[in-house]
Amino acid sequence: MTTRDFLGLLSGDVLAVAPRLLGCRLATAFDGEPTEIVITEVEAYGGVGDPASHAYRGRTPRNAPMYEAAGTLYVYRSYGIHWCANVVTGPEGEASAVLIRGGQPAVGTDRMRDRRRRDDHLTDGPGKVCAALGISGGDSGSSLLDGPVFLVPDAPAGSFSIESMPRIGISRAVDRPWRFVARPSDGSSLAST
DNA sequence: CACCTGATTGCCT
DNA sequence: GGCAATCAGGTGA
């Protein structure tokens, strides 16, 4: 997968890019220990025009990475406790991004268990994904092409359909079906463990 | 500078 | 199903 393909994946409206990230991988290798998940759940956030977006009221120190080029990583602190990761998309300055809500452990599952201090439900939530992969606020603003956090647009391991539904955990613009979940075609569970 | 809210999680009843 | 944990960012005085 070339840099051009990578950028092609992220070009276009955030609503088109978000479902495209399903099946792609998010990877880190902190401390020389590789960890990787297959993305199974995402949510799209626009900039101006999306009341639920961190960029709705314009640029601030926190959301500055959202205004950078597509492929930039935006990490924010949630509820003072958790970290949540976003893939910045769209034209530079538009401030749209895709929240990585969940995935399926693919590489370094044992390391994820260590970081999560439990054996199940390792990556079935935005805060859990960051905890399992070791992503934190210091990584915000880095390029997903150069690391330390990588977006790998590999072909999905299996076939699946994409279901869209309202975003969760928000209080504004709750009606927009901008949450995308991968549903395996064979009926088996893609749910994260 | 004080107040409030949150793109969550996990444990308790 | 309910709710505490825990604090930075954003808003308004």
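Chain A is the first sequence line, chain B the second, and so forth, proteins listed ahead of strands; every chain is numbered from 1. Both backbone and side-chain heavy atoms feed into the values below; hydrogens, waters and symmetry mates do not.
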Does dA7(B) have a Watson-Crick or wobble partner in any strand here, with both distances under 3.5 angstrom, and which is it?
none

Indicate, with a heavy-atom threshold strictly under 4.0 Å, whether Ile170(A) touches base, sugar-phosphate, or nothing.
sugar-phosphate

Integer-rounded Å distance: dG10(C) C1' and Arg59(A) CZ:
17 Å

Interatomic distance where CD1 belongs to Ile168(A) and C1' belongs to dA7(B) [whole Å]:
9 Å

Taking atom P of dT8(B) as reference, at what distance in whole Å does atom CZ of Arg167(A) sit?
11 Å

Could Arg59(A) and Glu94(A) be called an ion pair, given the rule that one side-chain N must be under 4.0 Å from one carboxylate O?
no

In this structure, how many angstroms lie between the C1' atom of dT5(B) and the CZ atom of Arg57(A), rounded?
12 Å

Cation-pi check for Tyr45(A) against Arg167(A): NZ or CZ below 6.0 Å from the six-membered ring centre and within 45 degrees of the axis, yes or no?
yes

Is any side-chain nitrogen or oxygen of Arg101(A) closer than 4.0 Å to OP1 or OP2 of dT8(B)?
yes

With a centroid cutoff of 5.5 Å and a plane-angle limit of 30°, would you call Tyr45(A) stacked on dA7(B)?
yes

Are the side chains of Leu9(A) and Val17(A) in contact, using a 4.5 Å heavy-atom criterion?
no

Has the side chain of Tyr76(A) got a donor or acceptor that lies under 3.5 Å from a partner of the other kind on the base of dA7(B)?
yes

What is the distance from CD of Glu41(A) to C1' of dT8(B), rounded to the nearest Å?
13 Å

How close do Thr123(A) and Met112(A) get, heavy atom to heavy atom, and via which atoms?
CG2-SD, 4.1 Å

Once you round it to whole Å, what is the distance between C1' of dG10(C) and CZ of Arg172(A)?
10 Å

Of the candidates dG6(B), dC11(B), dT11(C), the side chain of Tyr79(A) sits closest to dG6(B)

When you measure from the side-chain N and O atoms of Arg116(A) to the phosphate of dT9(B), is any distance below 4.0 Å, counting only OP1 and OP2?
no

Kindly point out which of dG9(C), dT6(C), dA7(B) is positioned nearest to the side chain of Ile81(A)?
dT6(C)

Who is the Watson-Crick or G-U wobble partner of dT6(C), with both distances under 3.5 Å?
none

Could you check whether Asp120(A) pairs with Arg118(A) (Lys NZ or Arg NE/NH1/NH2 to Asp/Glu carboxylate O, under 4.0 Å)?
yes

dT8(B) P sits how many Å from Lys128(A) NZ, rounded?
11 Å

Just compare dA7(B), dG6(B), dG10(C) and give me whichever is closest to any side-chain atom of Pro61(A).
dG10(C)

Would you say a side-chain N or O of Ser78(A) is under 4.0 Å from OP1 or OP2 of dT9(B)?
no

Please pick, from dA7(B), dG10(C), dT11(C), the nucleotide with the shortest atom-to-atom distance to any side-chain atom of Asn63(A).
dG10(C)

Taking Val98(A) as the fixed residue, which of Thr89(A), Ile39(A), Leu10(A) is the one that meets the side-chain contact (heavy atoms from CB on, under 4.5 Å) rule?
Thr89(A)

Closest to the Arg62(A) side chain, choosing from dG9(C), dG10(B), dA7(B)
dG9(C)

How long is the line joining NE2 of His82(A) and P of dG6(B), in whole Å?
15 Å

Closest nucleotide among dC11(B), dT8(B), dG10(C) to the Thr60(A) side chain
dG10(C)

